[in-house]
Amino acid sequence: MVSKLEVVSSLLSCPDDGGSLSLETGGLYCPKCLRHFPVLTTGVIEILPREPSPLPRETVSSTYREDYVKAFAQPYVDDGASMAWGAPETMRPDWVRRRQRQVLQTLSVLLKGAGNKTIPCDLSGGAGYYTMEYARFFNLVLHCDLSVESLDYMVHRARARGLDNMVFLRIDYFKLPFRRSLDRVICLDTLIRGEGHERLLLQSIKGAVRPDGFALVDFHNWWHNPLRRLGLLGQTFGDNRSYTRLEAQALLSEVGIRNWKYVPFWQEFDQDNSLRSMALRRVLPPTRLIYQFGGRAGQHTS
């Protein structure tokens with residue numbers, strides 16, 4: 001019987017040189033650069049590049065750059081008490097409900113045309129809203145993050161739920177350990193750090209998706225709350241960025257993403273076909289600008 005590690009190793013590659021990886025006792029090995037990538041005692045596969053990526057100073061805040069380098073260098077510690085940002089037990093029920101609505105929205109897209117061998121991958125898994133739900137529908141789910149706290153939280157959360165079909169990977173999403181090997185990729189609530197960050201990440205995601213697969217990404221819609229964007233109401237988004245639809249699509253084009261499908265999403269209410277829901281979608285700007293791109297996404301559709 002093929003193990004989870006054997007299945008996942010066939011999807012992985014060296015984050016430094018793109019070389020194929022071999023299974024070895026305790027982890028994976030790159031014959032090309034001679035690096036070893038361990039499977040930690042918690043089951044997390046740690047597959048980071050040698051060095052963090054340089055981020056452009058002009059469009060990425062110094063706070064994010066410093067946090068990124070610090071997270072990259074942090075050693076993995078299993079203390080069983082870590083807490084991921086946005087963990088449901090720390091957030092208000094209405095906030096959790098809004099996140100769950102987007103989970104259902106993306107799930108409906110991922111399930112279309114999916115087969116028994118489909119393996120969805122969340123590149124910024126965080127508190128596991130998406131992967132915990134996906135684990136109910138797919139035989140295997142990949143949950144990726146750089147954050148030690150988020151991964152440790154999720155390992156214990158999945159264990160408490162008895163979920164044995166989740167694989168946890170510690171990665172740097174700027175240098176993904178996948179070379180056109182993933183057929184379902186999501187990276188949500190993440191393209192918020194500035195144009196330079198977004199370009200690097202989109203380019204990285206583009207290189208990870210199979211020719212017949214697709215990715216789902218989203219941008220915070222500038223028009224969802226323009227008074228805050230203009231400074232007329234209190235700022236709740238810190239140094240993060242939101243985008244108009246034209247700006248988001250310009251970023252996609254800049255990194256060579258040509259075939260995409262636009263999927264607007266409103267987090268404030270259930271997106272059913274009730275008269276109320278349809279009326280609200282006509283008058284309210286969407287909260288998120290979701291884009292599906294890849295070989296199966298279609299060409300510039302809305």
Backbone of [Y] reached by a side-chain donor or acceptor of [X] within 3.5 Å:
{"X": "Trp260", "Y": "Leu252", "answer": "no"}
{"X": "Lys4", "Y": "Val167", "answer": "no"}
{"X": "Asn221", "Y": "Pro286", "answer": "yes"}
{"X": "Glu198", "Y": "Arg193", "answer": "yes"}
{"X": "Thr90", "Y": "Ala87", "answer": "yes"}
{"X": "Asp218", "Y": "Asp189", "answer": "yes"}
{"X": "Arg288", "Y": "Pro264", "answer": "no"}
{"X": "Arg179", "Y": "Leu176", "answer": "yes"}
{"X": "Arg180", "Y": "Gly207", "answer": "no"}
{"X": "Ser9", "Y": "Glu6", "answer": "yes"}

Measure the [atom1]-[atom2] distance between [X] and [Y] for me, rounded to the nearest 0.5 Å.
{"X": "Ser61", "Y": "Asn240", "atom1": "OG", "atom2": "CG", "answer": "7.5 Å"}
{"X": "Gln292", "Y": "Arg184", "atom1": "CD", "atom2": "CZ", "answer": "8.5 Å"}
{"X": "Lys175", "Y": "Leu200", "atom1": "NZ", "atom2": "CG", "answer": "10.0 Å"}
{"X": "Ser277", "Y": "Glu268", "atom1": "OG", "atom2": "CD", "answer": "11.0 Å"}
{"X": "Thr42", "Y": "Phe168", "atom1": "OG1", "atom2": "CZ", "answer": "9.0 Å"}
{"X": "Gln249", "Y": "Thr244", "atom1": "CD", "atom2": "OG1", "answer": "8.5 Å"}

Derivation and outcome, side chain to side chain contact (heavy atoms under 4.5 Å, CB included), residues Leu182 and Val209: CA-CA 5 Å; Leu182 300 176; Val209 181; 5.6 Å; no
Would you say that [X] contacts [Y] through its side chain, given a criterion of any heavy-atom pair below 4.5 Å between the two side chains?
{"X": "Pro177", "Y": "Phe37", "value": "no"}
{"X": "Ser181", "Y": "Ser13", "value": "no"}
{"X": "Arg50", "Y": "Arg35", "value": "yes"}
{"X": "Leu146", "Y": "Ile171", "value": "no"}
{"X": "Val155", "Y": "Ser82", "value": "no"}
{"X": "Arg92", "Y": "Arg98", "value": "yes"}
{"X": "Arg170", "Y": "Val148", "value": "yes"}
{"X": "Leu110", "Y": "Leu216", "value": "yes"}

Side chains of Tyr68 and Asp172, donor plus acceptor under 3.5 Å: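 Tyr68 vs Asp172: donor-acceptor pair found between side chains.
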Ser274 and Asp272: side chain donor to acceptor below 3.5 Å: yes
Got more than 12 heavy atoms from elsewhere within 6.0 Å of [atom1], [X]?
{"X": "Leu34", "atom1": "CG", "result": "yes"}
{"X": "Glu51", "atom1": "CD", "result": "no"}
{"X": "Arg159", "atom1": "CZ", "result": "yes"}

Linking I/L/V/M/F/W/Y whenever any side-chain heavy atoms sit under 4.5 Å apart, do [X] and [Y] land together?
{"X": "Phe174", "Y": "Ile47", "result": "yes"}
{"X": "Phe293", "Y": "Tyr173", "result": "yes"}
{"X": "Val44", "Y": "Val39", "result": "no"}
{"X": "Phe214", "Y": "Leu111", "result": "yes"}
{"X": "Leu5", "Y": "Phe178", "result": "yes"}

Verdict with reasoning, Gln105 to Gln267, per side chain to side chain contact (heavy atoms under 4.5 Å, CB included): CA-CA 10 Å; Gln105 173 88 359; Gln267 68 177 13; over 6 Å; no
Residue list, side-chain contact (heavy atoms from CB on, under 4.5 Å) with Ser22, at least two apart or on another chain: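 side-chain contact (heavy atoms from CB on, under 4.5 Å) check on Ser22 returns Pro31.
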Worked verdict on Tyr291 versus Tyr262 for ring-ring contact (aromatic ring centres under 6.0 Å, His included): CA-CA 5 Å; Tyr291 290 91; Tyr262 168 59; 5.4 Å; yes
How far apart are the closest heavy atoms of [X] and [Y], and which atoms are they?
{"X": "Cys30", "Y": "Cys14", "result": "SG-CB, 3.7 Å"}
{"X": "Ile205", "Y": "Cys187", "result": "CD1-CB, 3.7 Å"}
{"X": "Asp145", "Y": "Ser150", "result": "OD2-CB, 3.7 Å"}

Arg157 with Glu89: basic N within carboxylate O range, under 4.0 Å: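 No, no charged N to carboxylate O under 4.0 Å.
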From CA spacing to verdict: side chain to side chain contact (heavy atoms under 4.5 Å, CB included), Leu23, Leu28: CA-CA 5 Å; Leu23 285 170; Leu28 300 165; 3.5 Å; yes
Met166/Arg161 under side chain to side chain contact (heavy atoms under 4.5 Å, CB included): CA gap, chis, key distance, verdict: CA-CA 11 Å; Met166 298 180 71; Arg161 296 275 187 96; over 6 Å; no
ring-ring contact (aromatic ring centres under 6.0 Å, His included) evaluation trace for Phe265 with His224: CA-CA 11 Å; Phe265 169 70; His224 176 248; over 10 Å; no
Could you tabulate the donor-acceptor pairs under 3.5 Å formed by side-chain atoms of residues 118-144, not counting sequence neighbours?
from, atom 1, to, atom 2, distance (Å)
Thr118, OG1, Gly115, N, 2.9
Thr118, OG1, Gly115, O, 3.3
Asp122, OD1, Ser124, N, 3.1
Ser124, OG, Thr190, OG1, 2.7
Tyr129, OH, Gly86, O, 2.6
Thr131, OG1, His143, ND1, 2.7
Glu133, OE1, Arg136, NH1, 3.4
Glu133, OE2, Arg136, NH1, 2.6
Tyr134, OH, Thr106, OG1, 2.7
Asn139, ND2, Asn116, O, 2.9
His143, NE2, Gly126, O, 3.4

Criterion side-chain contact (heavy atoms from CB on, under 4.5 Å) against Phe219, the qualifying member of Leu191, Ile290, Leu188: Leu191
Residue list, side chain to side chain donor-acceptor pair (under 3.5 Å) with Arg101, at least two apart or on another chain: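 Arg101: side chain to side chain donor-acceptor pair (under 3.5 Å) contacts with Asp270.
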